[in-house]
Amino acid sequence: MRTVSIPGDWPTTEAQARTIQDELRSRVVLDEPGPAPGTGHVTGVDVAYDDERDLVAAAAVVLDAATLEVVEEATAVGRVSFPYVPGLLAFREIPTVLAALDSLRADPGTVVCDGYGRAHPRRFGLASHLGVLTGLPSIGVAKNPFTFSYEEPGTPRGSFSPLVEGDEEVGRALRTQDGVKPVFVSVGHRVSLDNACAHTLRLTPRYRLPESTRRADALCRRALREATVRGLPE
DNA sequence: GCGACAG
DNA sequence: ATCTTGTCGC
């Protein structure tokens, strides 16, 4: 497990963080379809917190996109780098997630985030931010619609409806299991919305949430427990 | 001004 | 996210 510190130039205020989002947003690539779903690698990333001890643990789990078998795992722990503010989640998660991704030997392929990409107040959620910083194709799969609205998709798995703000489509509410609450898919970087949904469906043969995020969730919690016991150096 | 609000 | 018991179901 790698240990990371907060970058020296990390934003301190919400205003600074929003300015960074506004600057980086222009680097998002939206006109690439991305890797064909079911080929290559897919990497789930997730983060767990211990606010008491000011600790954050991240995990990156690389899966074979065809078989969903684990190819490689990596974790990192550090100090919490930003408070939770809706719309600024990325500043809380990114340093540790990047460290976990960096310590991977395998090609991450497409990165699947637990949160949003384009479905964001400034169209630059965690998945977009991570995509721009790494250059990797990325998508966001969130458990909640946040401030966006949607019509209930049909009951069968695979049904979807647009996730909208006003008349702008920012993502999709996608049913990944029959009759189960949909997940909210949005594009991060270098992946089309159609392919983002296709990836999500391939990653959900059995459960509501993608195998990638389920694996990453379990792993970062384990990493947090170990870090809590051992503590962080210095 | 008040409430809502990814994780 | 995290705090938390039991409970229903495969």
Side-chain angles (χ1 to χ4, degrees), chain A residues 11 14 17-18 20-21 24-25 28 44-61 75-98 100-101 111-132 138-150 162-166 168-174 176-189 193 196-197 200 205-210 212-225 227-228:
Chain A
E14 298 182 22
R18 281 188 215 99
I20 292 172
Q21 290 181 328
L24 292 180
R25 185 178 46 235
V28 174
V45 294
D46 195 18
V47 166
Y49 301 98
D50 182 343
D51 287 303
E52 276 298 270
R53 299 171 202 274
D54 191 38
L55 286 179
V56 51
V61 180
T75 60
V77 291
R79 251 91 210 202
V80 173
S81 54
F82 208 82
Y84 172 65
V85 179
L88 301 178
L89 177 66
F91 295 94
R92 189 166 166 76
E93 311 210 328
I94 274 189
T96 325
V97 169
L98 275 183
L101 280 174
V111 178
V112 179
C113 298
D114 189 10
Y116 289 130
R118 227 173 80 77
H120 177 273
R122 286 168 296 283
R123 305 294 178 266
F124 195 73
L126 172 63
S128 321
H129 202 143
L130 207 49
V132 164
S138 65
I139 69 174
V141 181
K143 298 182 281 296
N144 296 291
F146 200 10
T147 60
F148 303 101
S149 42
Y150 66 101
L163 183 66
V164 298
E165 178 172 300
E168 181 182 0
E169 179 181 46
V170 296
R172 283 177 190 161
L174 176 66
T176 56
Q177 296 297 322
D178 293 355
V180 168
K181 174 180 175 171
V183 297
F184 303 90
V185 179
S186 59
V187 161
H189 183 57
L193 185 53
C197 290
T200 303
R206 161 125 187 139
Y207 299 104
R208 173 182 177 235
L209 297 180
S212 42
T213 62
R214 299 183 73 250
R215 289 305 229 303
D217 179 74
L219 182 56
C220 69
R221 289 188 200 224
R222 199 191 319 156
L224 183 63
R225 284 200 306 272
T228 302

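Below, read A as the first sequence line, B as the second, and so on, with proteins coming before strands; counting in each chain starts at 1. Not measured: the values here are computed from a predicted model. Because only heavy atoms are used, hydrogens play no part in the values below, and waters and symmetry mates are left out as well, while side chains stay in.
Stacking of A/Y84 onto the six-membered ring of B/dG7 is present: less than 5.5 angstrom between centres, less than 30° between planes.
Each of B/dC5, B/dG7, C/dT2 was ranked by its minimum atom distance to the side chain of A/K143; first place goes to B/dG7. Of the candidate nucleotides B/dA6, B/dC5, C/dA1, C/dA1 has the atom nearest to the side chain of A/D114. The side chain of A/T147 has B/dC5 as its nearest neighbour among B/dA6, B/dC5, B/dG7. Of the candidate nucleotides B/dG7, C/dA1, B/dC5, C/dA1 has the atom nearest to the side chain of A/R221.
Atom P of nucleotide C/dT2 and atom CG of A/D50 are separated by 9 Å, given to the nearest angstrom. Rounded to an integer number of Å, the gap from A/F148 CZ to B/dA4 P is 18 Å. Taking atom CZ of A/F82 as the reference point, atom C1' of C/dA1 lies 16 Å away to the nearest angstrom. C/dA1 atom P lies 13 Å from atom OH of A/Y116, rounded to whole Å. When the C1' atom of B/dA6 is taken as reference, atom CZ of A/R122 falls 12 Å away, rounded to whole Å. What separates CG of A/L209 from C1' of B/dA6 is a distance of 13 Å, to the nearest Å. Remark: P of B/dC5 and CZ of A/R92 are 18 Å apart, rounded to the nearest angstrom. Atom CZ of A/F91 is separated from atom C1' of B/dG7 by 15 Å (rounded to the nearest Å).
Paired runs in DNA chain C never reach 3 or more consecutive Watson-Crick or G-U pairs with both distances under 3.5 Å.
Under a 4.0 Å N-O distance rule, the pair A/R215/A/D46 does not qualify as a salt bridge.
If you check every strand for non-hydrogen atoms under 4.0 Å, A/G140 touches nothing. Across all strands, A/A119 comes closer than 4.0 Å to no nucleic acid atom at all (heavy-atom distances). Residue contacts for A/L88: at a heavy-atom cut-off of 4.0 Å it reaches a base atom on one of the strands shown.
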Worked check of ring pair (Phe, Tyr, Trp, His ring centres under 6.0 Å) between A/H129 and A/F91: CA-CA 9 Å; A/H129 202 143; A/F91 295 94; 5.3 Å; yes

side-chain contact (heavy atoms from CB on, under 4.5 Å) evaluation trace for A/L55 with A/Y49: CA-CA 6 Å; A/L55 286 179; A/Y49 301 98; over 6 Å; no

Derivation of the salt bridge (charged side-chain N to carboxylate O under 4.0 Å, His left out) call for A/E165 and A/R123: CA-CA 11 Å; A/E165 178 172 300; A/R123 305 294 178 266; 3.4 Å; yes

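Geometric assessment of A/R214 against the ring of A/Y207 yields a positive cation-pi assignment under the 6.0 Å and 45° thresholds.
Among the candidates A/V97, A/V80, A/V56, A/V47, the single residue satisfying the side-chain contact (heavy atoms from CB on, under 4.5 Å) test with A/R92 is A/V80.
Listed pair A/N144 / B/dC5 fails the phosphate criterion, with no side-chain N or O lying under 4.0 Å from OP1 or OP2.
Sorted by first then second residue, the salt bridge (Lys or Arg N to Asp or Glu O under 4.0 Å) pairs that include residues 176-187 of chain A, not counting sequence neighbours, number zero.
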